[in-house]
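Report on the structure given below.
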Amino acid sequence: MSTESSSYIPGLQNVPATRSAISFLDGQKGILTYRGYPIVELAKHSSFEETCFLLLNGELPEAGALAGFSNELRLNRRVKYNVREIMKFLPTNGHPMEMLQTCVASLGMFYPGSERMTAEGNGPSEEFVNGTAIKILATMATIVAMWNHIREGDDPVPPREDLSYAANFLYMMNEREPDAVEARIMDACLVLHAEHTINASTFAALVCGSTLAAPNLVVASAIGTLAGPLHGGANQRVLEMLREIGSPENAESWLEKRLANKQVVWGFGHREYKVKDPRADILQSMLEELREHRGGNISPLYDIAKALETAAHERLSQKGVHPNVDYYSGVLYDALGIPEDQFTPIFAISRTAGWLAHWKEQIANNRIYRPTQEYVGAETREYVELSARQA
Ligand code: COA
């Protein structure tokens, strides 16, 4: 049964899935704004805590509101002991994104309240929405960092309440308090990844949220969607690719072979951006800052990444394919001592702010997502008994 005129658009390219006031991007000009503020400004001047507030509430907070919000995030960092028990039963060589999705999916059982999604007549109270957003945001970093130690058979490093979100995360990961430059760079990375209009994982969050599922399940749906290599999983692939290239001199020949085999270059290309992703530029400048801070010593992978970018420019820029946010983020995380398979979980920690902002916007004016399809299968036919079927 096929239809002659098709309105189906693969990948829903250019199909608006919602109306949103949260972020805006112009892929031709390389502009990204959160609530109207350019990402370049936020990465320079804002903090992850302030950016979360901005995304969730629509405006930059005044000093008292920011202090209160940051304090709530600090006080909610601990997770129930049983979440740690769940982790102990997971295979230590499993991917941390699967661990993260499992633990986040379980949070609603340890911190009940999801019944309030539907029980309160006109939807959940503002108090529930804001409280649960803070709890989920606060525990994301703890869960990711706990796993880093538990999978090695070690006790996790408990969170500290005297550190910023970014500094505490690095402290819990590395058991060492980061210096001011490292903490600032991690903070800016979290700001940069916090939101990006209706990408695949945010769309998954919207669809799940529109059923009035509990917010931890909304985030769990988005985590699963972010895990794939065509989305958030690309940052890990970039590092594996740079290691495979081995040295800047090999970049050009490696690229030629790769393109001849019709394989993608990880960390390049974007459905929306047809110029270099503005976040890739900022991440690269932070790598330069870290290099200077460390007296010129930074991972050799950075030089390979630069050589590959130069080689790829000649071959891919005419197609509008340039480095995206995942290209330099992995090199930066590697330089901050973070294992490769934890790159995508860090993306998830940060993007939880955007997912929850979209969830909040969705449930404030909800209609369940229920698209349609173009059916291309068999006409209605009669059931054939097993004994009468031909081999
Ligand atoms: N490496 C090499 N060529 C690429 C490419 C890449 N990373 N990304 C796109 N292209 C090429 C395509 O092969 C296609 O070429 P063609 O016109 O000769 O067939 C052209 O650019 C258009 O790409 P298309 O596949 O239509 O883009 P898309 O919008 O469907 O896909 C991505 C976007 C992100 C899925 C794609 O760019 C990709 O796979 N990138 C690598 C994974 C990645 O880094 N993901 C993170 C995104 S933030």
Side-chain angles (χ1 to χ4, degrees), residues 8-17 23 25-28 30-32 39 43 97 189-205 222-245 251-284 301 304-305 307-334 340-341 343-351 354-355:
Y8 163 58
I9 298 172
L12 300 184
Q13 181 158 9
N14 295 329
V15 177
S23 62
L25 91 79
D26 182 330
Q28 302 296 334
I31 292 171
L32 172 64
I39 190 67
M97 284 297 274
C189 286
L190 294 176
V191 169
L192 285 180
H193 287 84
E195 162 61 8
H196 206 232
T197 74
I198 302 300
N199 48 80
S201 58
T202 304
F203 185 45
I223 290 171
T225 313
L226 185 72
L230 295 188
H231 193 8
N235 54 12
Q236 181 180 347
R237 301 296 194 298
V238 170
L239 222 74
E240 291 162 3
M241 171 182 84
L242 297 176
R243 289 198 203 291
E244 187 186 317
I245 295 171
E252 199 151 348
S253 57
W254 180 92
L255 180 70
E256 256 168 43
K257 242 187 262 161
R258 182 97 183 161
L259 295 180
N261 290 335
K262 305 234 172 289
Q263 290 170 298
V264 293
V265 183
W266 299 113
F268 272 76
H270 200 277
R271 175 65 58 81
E272 295 287 330
Y273 292 115
K274 297 305 159 205
V275 296
K276 189 170 174 179
D277 186 329
R279 300 167 300 171
D281 270 331
I282 302 169
L283 287 161
Q284 191 173 359
L301 296 176
I304 302 174
L308 183 62
E309 183 183 349
T310 308
H313 185 75
E314 279 173 32
R315 293 167 179 78
L316 295 175
S317 60
Q318 74 278 11
K319 290 187 185 177
V321 175
H322 299 271
N324 59 47
V325 69
D326 292 316
Y327 191 61
Y328 286 111
S329 64
V331 185
L332 198 48
Y333 294 151
D334 182 54
E340 278 162 47
D341 63 357
F343 296 172
T344 318
I346 295 179
F347 192 159
I349 292 173
S350 160
R351 185 55 59 83
W355 293 331

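Numbering of ligands and ligand atoms starts at 1, following listing order.
The shortest N or O to N or O distance between Lys319 and ligand 1 is below 3.5 Å. The shortest N or O to N or O distance between Arg271 and ligand 1 is under 3.5 Å. At a 3.5 angstrom cut-off on N or O pairs, Gly267 counts as close to ligand 1.
Of the protein's non-hydrogen atoms, the one nearest atom 6 (C) of ligand 1 is Val265 N, 3.6 Å. Protein heavy atom closest to atom 3 (N) of ligand 1, with residue, atom name and distance, is Leu316 CD2, 3.8 Å. Here the heavy atom of the protein found nearest to atom 36 (C) of ligand 1 is Phe268 O, 4.4 Å.
Residues Glu256 and Arg315 form a side-chain contact, since some pair of their non-hydrogen atoms from C-beta on lies under 4.5 Å apart. Residues Ile245 and Leu308 are in side-chain contact: their nearest non-hydrogen atoms beyond the backbone lie under 4.5 Å apart. For the pair Ile223 and Met97, the minimum side-chain heavy-atom distance is below 4.5 Å.
By the ring pair (Phe, Tyr, Trp, His ring centres under 6.0 Å) test, Tyr273 is found to be paired with His196, His270, residues two or more places apart in sequence or in another chain being considered.
Contact analysis puts His231 in contact with ligand 1, with a non-hydrogen atom separation below 4.0 angstrom.
For atom 28 (P) of ligand 1, a protein heavy-atom neighbour is found at a distance under 4.0 Å. The nearest protein heavy atom to atom 31 (O) of ligand 1 is not closer than 4.0 Å. Per-atom contact check: atom 48 (S) of ligand 1 touches the protein, criterion being a heavy-atom distance below 4.0 Å. Distance remark: protein heavy atom not present below 4.0 angstrom from atom 13 (O) of ligand 1. Note that atom 41 (C) of ligand 1 has protein non-hydrogen atoms nearby, at separations under 4.0 angstrom. For atom 10 (N) of ligand 1, a protein heavy-atom neighbour is present inside the 4.0 Å cut-off. In this structure, atom 22 (C) of ligand 1 has its sub-4.0 angstrom surroundings free of protein heavy atoms.
Atom SG in Cys189 sits 10.0 Å away from atom CD1 in Ile282 (nearest 0.5 Å).
Atoms of ligand 1 lying under 4.0 Å from any heavy atom of His270, numbered from 1 in the order shown and given with element: 37 (O), 48 (S).
The heavy atom nearest to atom 37 (O) of ligand 1, considering only Gly269, Ala234, Gly11, is found in Gly269. Across the listed options Leu230, Val321, Asp326, Asn199, Leu230 owns the non-hydrogen atom lying nearest to atom 39 (O) of ligand 1.
There is a side-chain donor-acceptor pair under 3.5 Å between Ser201 and His231.
Classification of the His193-Tyr333 ring pair by plane angle, with boundaries at 30° and 60°, yields tilted.
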Hey, can you pull the donor-acceptor pairs under 3.5 Å for the side chains in residues 237-244, sequence neighbours left out?
| residue | atom | partner | partner atom | Å |
| --- | --- | --- | --- | --- |
| Arg237 | NH1 | Gly233 | O | 3.4 |
| Glu240 | OE2 | Gln236 | NE2 | 3.2 |
| Arg243 | NE | Glu340 | OE2 | 2.7 |
| Arg243 | NH2 | Glu340 | OE2 | 2.5 |
| Glu244 | OE2 | Trp254 | NE1 | 3.0 |

Could you walk me through whether Trp266 and Arg258 pass side chain to side chain contact (heavy atoms under 4.5 Å, CB included), step by step? CA-CA 11 Å; Trp266 299 113; Arg258 182 97 183 161; 3.3 Å; yes

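Taking all atoms of both residues into account, the shortest heavy-atom contact from Leu192 to Arg279 is O-CD, 3.4 Å.
Within 6.0 Å of the CG atom in Asn14, the count of heavy atoms belonging to other residues, nucleotides or ligands does not exceed 12.
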